[in-house]
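Here is the structure we will look at, set down as structure tokens.
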Amino acid sequence: MSTYHTPVLLTETLEAMNLKPGATVVDATLGGGGHAGEIMQRISPAGHLIGLDRDAQALSAARTQLNQAAQAVEGRQVKVNLVQDRFDTLAQHLEALKITQVDAILADLGVSSHQLDASERGFSFQTEAPLDMRMDQSQGETAQELIHRLSEQELTQVLRDYGEESLSRPIARMIKQAEAEGRLNTTTELALLVANVSRRRYRTPSRVHPATRTFQAL
């Protein structure tokens, strides 16, 4: 079992995949390798596992997990290829590996519990951290850089379309104002700003933290 992230519906997923020895399987969102380690045992011997993840920390954890799984199937080797990339690049990586057909593909979409618990990643508003939120910290914009680049109108649309935030317009306005004044640098500052907007609009507090949809959208 992976210590990086507890795999969701592990038994049910493996049963539904109905894997056989020698199968070629893709784990398109590898995470800490919790699913993949169990997959290896089911496709041994002579199986082939291809794993993708954008997160370098996840890949490092997965390698440890899969090395342990490989020891459990010693003498019945499974070929493993791990790639740091988005799951939507799968086709090009299969082509590079000269794989024309696979037996199963697993995609467990979303942020992992490890990424939420690692405060420095900036996915959670529970602890103070830089506004990062990147799945791959080696490239791309941080959430703070995204906020800086977007206009108020564009940010409103992001909050509405990707977070289904009913207060997208006033929240976007306050975010841009705080960002322009240098008052928006951390997760807790963003969460407090959104909570203040919500508090002004609604008298009855929600059971869900008011910043949840904004963080989801970003």
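Values below: all heavy atoms of this structure, side chains included; hydrogens, waters and symmetry mates excluded.
A side-chain donor-acceptor contact under 3.5 Å links Asp132 and Gln137. With no hydrogens or angles considered, no side-chain donor-acceptor pair links Asn81 and His93 at under 3.5 Å.
A 6.0 Å sphere centred on CZ of Phe215 holds more than 12 heavy atoms belonging to other residues, nucleotides or ligands. Residue Arg169 qualifies as open at atom CZ: its count of foreign heavy atoms under 6.0 Å is 12 or below. No more than 12 heavy atoms of other residues, nucleotides or ligands sit less than 6.0 Å from atom CD of Gln153.
The side-chain heavy atoms of Ile99 and Ile50, taken from C-beta on, include a pair separated by under 4.5 Å. Taking the side chain as every heavy atom from C-beta outward, Leu59 and Leu30 approach each other to under 4.5 Å.
Without hydrogens or angle criteria, Thr24 side chain to Leu49 main chain gives no donor-acceptor distance under 3.5 Å. Distance alone, capped at 3.5 Å, is enough to place a donor-acceptor pair between the Glu154 side chain and the Ser151 backbone.
With rounding to the nearest 0.5 Å, the separation of CE in Met40 from NE2 in His48 is 11.0 Å.
For the pair Glu189 and Arg183, the salt-bridge criterion is not met [side-chain N within less than 4.0 Å of a carboxylate O]. Salt bridge absent: Lys176 and Glu152 never bring a charged side-chain N and a carboxylate O closer than 4.0 Å. Using a 4.0 Å cut-off between charged nitrogen and carboxylate oxygen, Asp136 and Arg134 do not count as a salt-bridge pair. Between Arg160 and Glu164 no salt bridge is recorded (no basic side-chain N to carboxylate O distance below 4.0 Å).
Cluster membership check: Leu131 does not share its hydrophobic cluster with Leu192, using side-chain heavy-atom separations under 4.5 Å among Ile, Leu, Val, Met, Phe, Trp and Tyr.
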